[in-house]
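Working notes, structure below.
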There are 2 protein chains.
Amino acid sequence: MQGQADQRESGSARVAESLAIAIHEHRLSPGMKLSEDEVGEIYGVSRTVVRAALQELAHDRLVELKRNRGAFVAQPSVKEAREVFEARSLLEPRTAKSAAERATPEDIKILQKHIDEEHAALHAGDTGRALHLSGMFHVEIARIADQSTVADFIAQLVSRSSLIIALYWQRRTALCESHAHDALIKALARRDGAAAEELMKHHLLDLLTSLDLRDQPSVPKSLKEALN
Amino acid sequence: MQGQADQRESGSARVAESLAIAIHEHRLSPGMKLSEDEVGEIYGVSRTVVRAALQELAHDRLVELKRNRGAFVAQPSVKEAREVFEARSLLEPRTAKSAAERATPEDIKILQKHIDEEHAALHAGDTGRALHLSGMFHVEIARIADQSTVADFIAQLVSRSSLIIALYWQRRTALCESHAHDALIKALARRDGAAAEELMKHHLLDLLTSLDLRDQPSVPKSLKEALN
DNA sequence: TGCGCTAAAATCGTATACAATGACGTAAAC
DNA sequence: GTTTACGTCATTGTATACGATTTTAGCGCA
């Protein structure tokens, strides 16, 4: 995702990406322990490459490395959650504006495909995959803006947002938020930068307010973690 | 820098920080090869920890990892240089505004100390250290804004800016740019958020325009690299 | 039963060893 | 003289081994 450009995907990059997707799709929950031996056995690689992968994920704040204790799927605090969306609100609206001013018909097609797949996944009941694709939509917009540096940051923030949603999402809002993406793609298609910027800004605000950020640090999986 | 919070600084973190500072201070030039054996011998550690450190630096885009070829101090392209300053212009002005609204007298003292040390280093002829301290000033402002997520991004962008300056700085501007930081600190001291935002915006613009971003990709150290 | 101590088991941090890939120099052919 | 093929060397990628730290289970005792 944010790794350096390897022509042939290195072992650690493959493991890191697989784990990252699993986290995005909420198949790995916040707080879960990622034992080096266990992960290595699953992917058929040695602890060396697993450690490299975990370090990469730790750098993206998707896992937390505790010295001599191991790697755990990160559990963003309420403060961190607010910070992530604050950072996104600084980066994404302006980036959406740039994207709107540069979007080609092919770009629009790719975005539309993302949305279609997202709807399909949602219809199939695979909310995890739908969430993942929803995030990819944001990253794709940054890519269209031809700002790979900002795109990397946004990709990282989207990843962390996935963890934040896993922890703080309020169940009552049934309809995920597909309308926002539809409106965005329309603004991009007609190259309306100002509209895209405004839509993205409100979309992020809606996302933030749909979270329940009232203090409860997390939902610990076991009593021990609760009392740690 | 952006690593996970380790209570006791791990070996790789120590090596990575030392290398990062050396890069910030322009003691390691863009394009230089960082042999694992060599670095390991210097710091008295094995290649295992050196590799971890290099991977961390690669994630921050300070070094470039070429598969089966090794690690090299990064040589940001002109496009990357523009992207870095574009990202900074998205993040730093608003962050400076937040910092101004939150700055305590102690914060101002710390910032002033940074400036003083910077001036002292400059006076002592240690331009490398002055440049490093100048970057730390920007990171410190983000820290004052109490936005650690954004602060991490800014820290990474400042690091990369150091490399960009090493490659594209125009020598003719003698006076580094100390006035800008002085003006900023004054705005922060009187809690003038709007002024701080505007000052930071122009400061970054000045920095960008003081670079010579006309295409020459770099100054290769040897003929071979030139023809690679 | 509950608490504290001890020891064993598990897991991580680092070093070393081996395999694989690319770099470089030499030599032969055109 | 230039170029290409090959062999050797150096350097990285991965696996394994060992020591250090933490966790946990067992045991005795209050």
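The structure displayed is predicted, hence computed values, not measured ones. Convention: sequence-line order gives letters A, B, ...; per-chain numbering from 1.
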_For a quick test of reading the model, state the closest non-hydrogen atom pair linking A:H114 to A:L133 and the distance between them._
ND1-O, 4.1 Å

Mind listing the N/O atom pairs, protein and nucleotides 11-15 of chain C, below 3.5 Å?
| residue | atom | partner | partner atom | Å |
| --- | --- | --- | --- | --- |
| C:dC12 | OP1 | A:K33 | NZ | 3.4 |
| C:dC12 | O3' | A:N68 | N | 3.4 |
| C:dG13 | OP1 | A:N68 | N | 3.4 |
| C:dG13 | OP2 | A:R51 | NH1 | 2.2 |
| C:dG13 | OP2 | A:R51 | NH2 | 3.0 |
| C:dG13 | N7 | A:R47 | NH2 | 3.1 |
| C:dG13 | O6 | A:R47 | NH1 | 3.3 |
| C:dT14 | OP1 | B:G11 | N | 3.4 |
| C:dA15 | OP2 | B:S46 | N | 2.8 |
| C:dA15 | OP2 | B:S46 | OG | 3.0 |
| C:dA15 | N7 | B:T48 | OG1 | 2.8 |

*Going from CD on B:E106 to CD1 on B:I110, what distance comes out if it is rounded to the nearest 0.5 angstrom?*
8.0 Å

_side chain to side chain contact (heavy atoms under 4.5 Å, CB included) partner of B:L57, the single match among B:L19, B:L65, B:V15_ = B:L19

*What residue among A:V84, A:I23, A:I165 forms side chain to side chain contact (heavy atoms under 4.5 Å, CB included) with A:R160?*
A:V84

*Does any donor atom in the side chain of A:D152 or A:Q156 lie under 3.5 Å from an acceptor atom in the other side chain?*
no

Could I get a table of every N or O pair under 3.5 Å where one atom is in the protein and the other is in nucleotides 8-10 of chain D?
none

_Nucleotide D:dT12, atom C1' - distance to CZ of B:F72 in whole Å_ = 11 Å

*asked:* Need the bend value for the helix from C:dT1-D:dA30 to C:dC30-D:dG1: angle between end axes, 5 pairs each end, nearest 10°.
replied: 10°

*is_close_aromatic(B:H138, B:H181), centroid dist under 6.0 Å*: yes

*Parallel, tilted or perpendicular: which describes the rings of A:H59 and B:H59, with under 30° parallel and over 60° perpendicular?*
parallel

*Are side-chain N/O atoms of B:S162 and B:H132 paired as donor and acceptor at under 3.5 Å?*
no

*If you measure only the distance, is there a donor-acceptor pair under 3.5 Å linking the side chains of B:R88 and B:S161?*
yes

*Answer yes or no: are there more than 12 heavy-atom neighbours, outside A:E41 itself, under 6.0 Å from its atom CD?*
no

*A:E41 CD to D:dT16 P: how many Å, rounded?*
12 Å

